[in-house]
Amino acid sequence: VQLQASGGGLVQAGDSLRLSCATSGGSFSQYLMAWFRQAPGKERAFVAAITWGNYNRYYVDSVKGRFTISRDDAKNTVFLQMNSLKPEDTAVYYCAARLTKDYARKDYPYWGQGTQVTVSS
């Protein structure tokens with residue numbers, strides 16, 4: 001499975017961005033899809049996940065109410081809509097895929113290359 005993340009950029013606090021992650025080479029509709037982020041000097045951390053089938057969504061507390069994860073199974077793509085961005089959201093954002101439902105574990109077998117999000121104050 002190959003994942004290609006895009007949509008990052010430099011924005012001001014309060015702005016919005018929409019990240020996309022296009023996948024190929026696997027059965028996208030059977031994967032749990034997630035976004036992680038890694039800020040400078042910090043470990044990679046879970047941000048959001050969406051399951052297959054029922055499309056259950058999970059978020060880290062710090063982004064609840066601001067970020068929305070969604071998926072388009074027809075286009076094999078997962079999205080992360082990020083609103084009301086804050087400087088502390090600055091990080092490299094990675095998409096990831098797995099077949100199991102333990103969404104917060106970092107041992108995803110498939111990862112995208114990352115896209116930089118920088119939020120200025």
Side-chain angles (χ1 to χ4, degrees):
V1 178
Q2 292 78 47
L3 289 75
Q4 181 74 35
S6 62
L10 172 62
V11 297
Q12 294 186 333
D15 285 350
S16 298
L17 276 177
R18 188 191 196 203
L19 305 183
S20 299
C21 177
T23 70
S24 61
S27 299
F28 178 80
S29 62
Q30 298 179 8
Y31 285 96
L32 181 149
M33 300 299 299
W35 289 94
F36 285 73
R37 65 186 179 186
Q38 187 166 16
K42 295 187 177 181
E43 293 187 355
R44 193 172 299 187
F46 170 78
V47 176
I50 184 167
T51 65
W52 67 90
N54 291 333
Y55 293 3
N56 292 325
R57 295 170 170 84
Y58 305 93
Y59 300 94
V60 66
D61 286 347
S62 60
V63 308
K64 287 180 180 177
R66 299 189 299 122
F67 290 11
T68 302
I69 189 171
S70 61
R71 62 191 293 162
D72 185 335
D73 287 352
K75 296 182 178 180
N76 294 344
T77 302
V78 63
F79 304 97
L80 185 67
Q81 177 67 44
M82 306 185 295
N83 298 329
S84 302
L85 282 162
K86 303 176 181 180
E88 51 264 43
D89 294 319
T90 294
V92 177
Y93 284 71
Y94 298 90
C95 56
R98 71 188 308 151
L99 290 170
T100 57
K101 291 188 175 181
D102 37 355
Y103 59 88
R105 291 172 59 110
K106 298 179 183 178
D107 58 343
Y108 280 65
Y110 308 109
W111 291 89
Q113 86 288 3
T115 184
Q116 176 70 47
V117 173
T118 303
V119 185
S120 63
S121 58

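One is the number of the first residue; the rest follow in order along the sequence. As the structure is a computational prediction, the values presented were derived from the model and not from experiment.
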> Is Asp89 salt-bridged to Lys86, going by a charged N under 4.0 Å from an acidic O?
Replying inline: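 Salt bridge between Asp89 and Lys86, a charged N being under 4.0 Å from a carboxylate O: no.
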
> Which residue, Tyr103, Trp35, Phe36, Tyr94, forms the ring pair (Phe, Tyr, Trp, His ring centres under 6.0 Å) with Tyr108?
Replying inline: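 Single pass found, and it is Phe36.
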
Looking at [Y], is its backbone amide N or carbonyl O close enough to the side chain of [X] to form a donor-acceptor pair, meaning the two atoms are under 3.5 Å apart?
X      : Y     : value
Thr68  : Gln81 : no
Asp72  : Lys75 : yes
Ser120 : Val11 : yes
Thr118 : Thr90 : no
Gln113 : Ala5  : yes

>> Does the Lys NZ or Arg CZ of Arg71 fall within the cation-pi geometry relative to Phe28 - under 6.0 Å from the ring centre and within 45° of the axis?
In response: yes

> Can Trp52 and Leu99 be said to form a side-chain contact (heavy atoms from CB on, under 4.5 Å), step by step?
Replying inline: CA-CA 9 Å; Trp52 67 90; Leu99 290 170; 5.9 Å; no

If you round to the nearest 0.5 Å, how far is [atom2] of [Y] from [atom1] of [X]?
X      : Y      : atom1 : atom2 : answer
Thr115 : Arg37  : OG1   : CZ    : 14.0 Å
Tyr93  : Gln38  : OH    : CD    : 12.0 Å
Ile69  : Asn56  : CD1   : CG    : 12.0 Å
Tyr31  : Thr100 : OH    : OG1   : 11.0 Å

Just so I know, are the side chains of [X] and [Y] near enough to count as touching, which here means a heavy-atom distance under 4.5 Å?
X      : Y      : answer
Arg98  : Asp107 : yes
Phe67  : Leu17  : no
Asp15  : Met82  : no
Tyr110 : Thr23  : no
Leu19  : Phe79  : no

> Is there a donor-acceptor contact under 3.5 Å linking the side chains of Ser6 and Gln4?
Replying inline: no

Looking at [X] and [Y], what are the two nearest heavy atoms and their distance?
X     : Y     : answer
Val47 : Val63 : O-CG2, 3.8 Å
Thr77 : Ala22 : OG1-CA, 4.0 Å
Asn76 : Asp73 : OD1-O, 3.1 Å
Gly26 : Val1  : CA-CG2, 3.8 Å
Asn83 : Ser16 : OD1-OG, 2.9 Å
Ala97 : Met33 : CB-SD, 3.5 Å

